[in-house]
Amino acid sequence: MQLLELKRIKLIDGEENLAINFFRYTISTRSLSCRPQDLEPIAELDSEHSKGAAAQVSKQLGFKIADFDGTPIYLGAKKGLELFYQKIDDTDDFSIFSMGEFQPGRFICQLEALFTKDN
């Protein structure tokens with residue numbers, strides 16, 4: 001996985017009901033939109049691209065990987081957040097997000113970076 005752009009911008013910060021709304025963001029000259037519930041857990045990258053892809057992305061971003069009963073947990077930028085991704089159209093590119101409940105009742109979704117699959 002190749003890092004194309006590091007962004008780190010908070011997109012949502014508030015009550016969990018904000019997570020049902022679409023949000024727009026711009027990365028690498030592309031204007032994109034999505035809803036938090038449409039984001040995929042980063043662990044799915046291993047089945048979509050190659051085994052170890054999720055760990056590689058997490059390490060390139062400098063985030064920790066925890067373990068729960070042998071299952072990796074890809075931790076996000078802040079306590080309570082985990083990593084998710086959005087595939088971008090019909091390309092090999094994907095956006096990475098930290099998302100979750102940061103504090104009780106406080107939901108955060110933060111754009112982290114744009115990656116592409118190694119050729």
- Message: If hydrophobic clusters are built by linking Ile, Leu, Val, Met, Phe, Trp and Tyr wherever their side-chain heavy atoms come under 4.5 Å apart, do Ile9 and Leu83 end up in the same one?
- Response: no
- List in chain and number order the residues that pass ring-ring contact (aromatic ring centres under 6.0 Å, His included) with Phe63, two or more places apart in sequence or in another chain; answer none if no residue qualifies. none
- Find out if a path of hydrophobic residues (ILVMFWY) with successive side-chain heavy-atom gaps under 4.5 Å connects Tyr74 to Phe115. yes
- May I ask you to test the Glu101-Arg106 pair for a side-chain heavy-atom distance under 4.5 Å? no
- Across all chains, not counting sequence neighbours, the side chain to side chain donor-acceptor pair (under 3.5 Å) partners of Lys78 are none
- Query: Is it the case that one hydrophobic cluster holds both Leu3 and Tyr85, taking links as side-chain heavy atoms less than 4.5 Å apart, direct or via other members?
  - Reply: yes
- What distance do Leu4 atom CG and Leu114 atom CG have between them, rounded to the nearest 0.5 Å? 4.5 Å
- Query: So how far is it from Arg35 CZ to Ile12 CD1, rounded to the nearest 0.5 Å?
  - Reply: 11.5 Å
- Task: Provide the closest heavy-atom pair for Asp46 versus Gly52 in the form atom of the first, atom of the second, distance.
- Result: OD1-N, 3.2 Å
- Query: Got Ile65 and Lys59 here, is their nearest side-chain heavy-atom distance under 4.5 Å?
  - Reply: yes
- Query: Are the side chains of Ile88 and Ser95 in touch, meaning some heavy atoms are under 4.5 Å apart?
  - Reply: yes
- Query: Does the pair Gln110 and Met99 meet the rule for a side-chain contact (heavy atoms from CB on, under 4.5 Å), with working shown?
  - Reply: CA-CA 6 Å; Gln110 178 172 307; Met99 184 172 66; over 6 Å; no
- Heavy-atom side-chain proximity of Leu39 to Cys109 below 4.5 angstrom: yes
- Message: Working to the nearest 0.5 angstrom, can you tell me the gap between Asp38 CG and Ser33 OG?
- Response: 9.5 Å
- Before giving the answer on side-chain contact (heavy atoms from CB on, under 4.5 Å), spell out for Gln2 and Asp92 the whole-Å C-alpha distance, their side-chain angles and the decisive distance to 0.1 Å. CA-CA 10 Å; Gln2 180 183 356; Asp92 286 334; over 6 Å; no
- Is there side-chain contact between Lys7 and Tyr25, with at least one heavy-atom pair below 4.5 Å? no
- Item | Which atom of Ala43 lies closest to which atom of Ala54, heavy atoms considered | CA-CB, 4.1 Å
- Query: Mind checking whether Ile42 and Phe84 have side chains closer than 4.5 Å, heavy atoms only?
  - Reply: no
- Item | Residue among Glu40, Glu82, Gln86, Glu112 satisfying side chain to side chain contact (heavy atoms under 4.5 Å, CB included) with Phe97 | Gln86
- Message: Tell me whether Asp93 is salt-bridged to Arg30, with the criterion being a basic N under 4.0 Å from an acidic carboxylate O.
- Response: yes
- Indicate if Leu61 and Leu75 have the same hydrophobic cluster label, given that clusters are the connected sets of ILVMFWY residues with side-chain heavy-atom separations under 4.5 angstrom. no
- Side-chain heavy atoms of Leu45 within contact of Phe94, under 4.5 Å: yes
- Query: Transitively linked via ILVMFWY side-chain contacts under 4.5 Å: Ile96 with Met1?
  - Reply: yes
- Item | Nearest non-hydrogen partners of Ala77 and Ser98, listed with the distance | N-OG, 2.9 Å
